[in-house]
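Each ligand, and each atom within it, is numbered from 1 in the order the structure gives.
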Amino acid sequence: MEAKLKRELGTTMLKSAGHAGGGCISEGQSYHTDTGKVFVKINHKSEAKLMFDGEMASLEAIVKTETVKVPKPIKVIELDTGGSVFVMEHLDMNSLSKYSKQLGEKMADLHLHNKKQLEKLNKEQQTVGKGAGQSDVAAVEKFGFHVTTCCGYLPQQHHSFFSFLPLQDNQWQSDWVPFYTQQRLQHQLNMVEKSYGDRETRELWAELQLKIPQFFKDVEIVPALLHGDLWGGNVAECADGPVIFDPASFYGHSEFELGIAGMFGGFNSAFYSAYHSKIPQAPGFAKRNQLYQLFHYLNHWNHFGGGYKGSSIRVMKTLLK
Ligand SMILES: Nc1ncnc2c1ncn2[C@@H]1O[C@H](COP(=O)(O)OP(=O)(O)OP(=O)(O)O)[C@@H](O)[C@H]1O
């Protein structure tokens with residue numbers, strides 16, 4: 001692997017700089033190269049390329065916004081032995097502590113970035129001489145993403161719990177509610193149905209589906225670039241400020257991001273007040289927050305089995321009250 005890495009990165013030096021842990025998905029390893037220190041994620045499964053391509057595209061999209069710091073992506077390389085590696089900038093990271101407020105501000109900046117681009121574009125189009133399609137302003141008017149992303153684990157070893165690939169259908173849609181209902185919730189529920197065929201869940205979903213549009217009355221939703229998997233394990237800080245990593249990006253409702261953020265801890269009140277000072281809570285926020293958590297409960301049920309069934313059903317029942 002190291003010979004190939006050297007070749008692909010065009011570096012004469014490739015010196016191990018230690019094992020950086022790595023999550024439960026991929027092994028992590030840092031190296032010194034001619035152009036600086038890199039962090040390499042290694043996964044030996046054949047599907048890893050798809051997963052890393054999604055992560056690379058997500059990081060590239062976030063970098064372009066110049067809002068919140070992420071490791072700069074460098075390259076996805078396929079290994080001759082099967083599997084792939086993903087090379088990115090190495091960052092010295094510590095647990096988030098003194099930069100919570102800054103993270104809140106920067107996440108809001110990330111979420112507002114596309115809205116600002118759309119406003120710029122609109123202004124330009126009203127200016128004489130610049131018609132539609134003539135602008136250099138990059139703005140996205142739909143919900144989705146240009147590549148598939150993976151929200152969840154692609155384990156190194158096959159494990160009977162993990163019988164599916166946690167791929168997200170990011171096909172572009174003009175409206176958020178059908179996007180979220182079909183391409184996020186329905187997708188998870190189809191997998192639950194396939195694995196467990198649970199009747200109570202099926203019945204609750206039949207009712208809940210019809211109610212979803214009511215949760216979105218009077219809210220205007222502008223596509224926002226999301227990290228997509230913003231739990232406490234994917235945020236940290238460097239010496240100069242907060243950093244987020246391991247994204248599964250797409251353009252969606254900014255509130256979706258706060259779903260998983262609220263589930264496993266890691267975000268304090270300084271984070272939330274800084275975030276909401278830039279993006280205030282819209283009416284109906286609390287209910288939608290539960291609707292957004294439902295996706296993650298179902299995703300966890302599909303990943304880890306029955307332990308998350310109870311939470312999934314509980315949230316569905318609360319939403320139906
Ligand atoms: N660019 C980087 N530079 C240095 N260390 C990193 C970098 N990216 C990740 N790490 C370290 O590796 C760990 C795992 O990273 P990451 O979450 O991206 O991997 P993963 O295999 O997708 O794992 P999981 O989602 O299970 O946490 C992080 O918690 C962090 O300590």
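By heavy-atom distance, the residue among N234, I42, V38, L91 lying nearest atom 4 (C) of ligand 1 is L91.
Residue-ligand proximity, M93 to ligand 1, at heavy-atom distances under 4.0 Å covers atoms 5 (N), 6 (C), 7 (C), 8 (N), 9 (C), 10 (N), 30 (C). Atoms of ligand 1 lying under 4.0 Å from at least one heavy atom of P71, given by number and element, are 1 (N). Close approach of ligand 1 to K41 is summarised as follows: ligand atoms under 4.0 Å from at least one heavy atom of the residue are 16 (P), 18 (O), 19 (O), 20 (P), 22 (O). Interface of H90 with ligand 1, defined as ligand atoms under 4.0 Å from a residue heavy atom, comprises 3 (N), 4 (C). Below 4.0 Å from some heavy atom of M88 lie the following atoms of ligand 1, by number and element: 1 (N).
In summary, of the residues considered (F264, F304, F256, W231), a ring pair (Phe, Tyr, Trp, His ring centres under 6.0 Å) with H296 occurs for F256 alone.
Neither the backbone nor the side chain of D92 comes within 4.0 Å of ligand 1, counting heavy atoms alone.
The distance between the ring centers of H111 and Y251 does not fall below 6.0 angstrom. The aromatic ring centroids of Y292 and Y180 lie less than 6.0 Å from each other. Ring pair Y196/W301: centre-to-centre distance below 6.0 Å. Note: H253 and F143 fail the aromatic proximity criterion, with ring centroids not under 6.0 Å apart.
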| Working for salt bridge (Lys or Arg N to Asp or Glu O under 4.0 Å), residues D246 and K41 | CA-CA 11 Å; D246 203 14; K41 277 203 210 184; 3.2 Å; yes
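Counting heavy atoms from C-beta on, the side chains of L319 and K287 come closer than 4.5 Å.
Ligand 1 has an N or O atom lying under 3.5 Å from an N or O atom of E89, backbone or side chain. Distances between N or O atoms of D246 and those of ligand 1 include at least one value under 3.5 Å.
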